[in-house]
Amino acid sequence: MSRICELTGKGRQVGHNVSHANNKTKKVFLPNLQNVTLMSEKLDRSFKFRVSTHGLRSVEHNGGLDNWLLKTSDEKLSANALKVKRELKKAAAAS
């Protein structure tokens, strides 16, 4: 399973551990991913995502999952999140 946030696209970063003697060794910085169930108010159901804590705070700041998905570009979203976004657009067009 890849370590990428499904909503923000945030992934791993590569850097160096630097010792006191200035020796550099490669290090991987992984995002803090959590398994979360987010509720969609317009669709009246919940969805499971693997989201970074930074992404979760961003979703709450934007007023919920529905607003976040409609504002975010498709390139950042995972296939699962894109499916939910299409359902949201279809529900908005129907009502």
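What you are looking at is a predicted structure, and each value in this text was computed from that prediction instead of being measured.
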Query raised in the report: Should K42 and E87 count as side-chain neighbours, where that means a heavy-atom distance under 4.5 Å?
Result: no

Requested in this report: Examine distances only and state if a side-chain atom of N62 and a backbone atom of N67 form a donor-acceptor pair shorter than 3.5 Å.
Outcome: no

Requested in this report: Would you indicate whether the side-chain heavy atoms of L7 and L69 approach each other to under 4.5 Å?
Outcome: yes

Requested in this report: Following the transitive rule for hydrophobic clusters with a side-chain heavy-atom cut-off under 4.5 Å over Ile, Leu, Val, Met, Phe, Trp and Tyr, establish whether L33 and F49 coincide in one cluster.
Outcome: no

Query raised in the report: Any idea which heavy atoms bring S40 and F47 closest together, and the distance?
Result: CB-CE1, 3.7 Å

Report task. Decide yes or no for L43 and D66: does some side-chain heavy atom of the first lie under 4.5 Å from some side-chain heavy atom of the second? Result -> no

Requested in this report: Kindly give the heavy-atom pair with the smallest separation between G55 and T8, and that separation in Å.
Outcome: CA-CG2, 3.6 Å

Query raised in the report: Stepwise, does the side-chain contact (heavy atoms from CB on, under 4.5 Å) test hold for M39 with D44?
Result: CA-CA 7 Å; M39 184 73 182; D44 198 34; 3.8 Å; yes

Query raised in the report: Can you check whether Q34 reaches T53 side chain to side chain, under 4.5 Å on heavy atoms?
Result: yes

Report summary line: Between the CG atom in L38 and the NZ atom in K48, the distance rounded to the nearest 0.5 Å is 12.0 Å

Report task. Report whether L82 and V36 are members of the same hydrophobic cluster (ILVMFWY, side-chain heavy atoms less than 4.5 Å apart, transitive linking). Result -> yes

**Report entry** Donor-acceptor under 3.5 Å (E6 side chain, R50 main chain)
**Finding:** yes

Query raised in the report: How long is the span from the OG atom in S58 to the CH2 atom in W68, to the nearest 0.5 Å?
Result: 4.5 Å

Query - CG-NE2 distance between L56 and H54, expressed to the nearest 0.5 angstrom - result: 11.0 Å

Requested in this report: Kindly check if the number of other-residue, nucleotide or ligand heavy atoms within 6.0 Å of NE2 (H16) is above 12?
Outcome: yes

**Report entry** Heavy-atom neighbours of K85 NZ exceed 12 at 6.0 Å
**Finding:** yes

Query raised in the report: Are S52 and N32 side-chain neighbours, meaning at least one heavy-atom pair lies under 4.5 Å?
Result: no

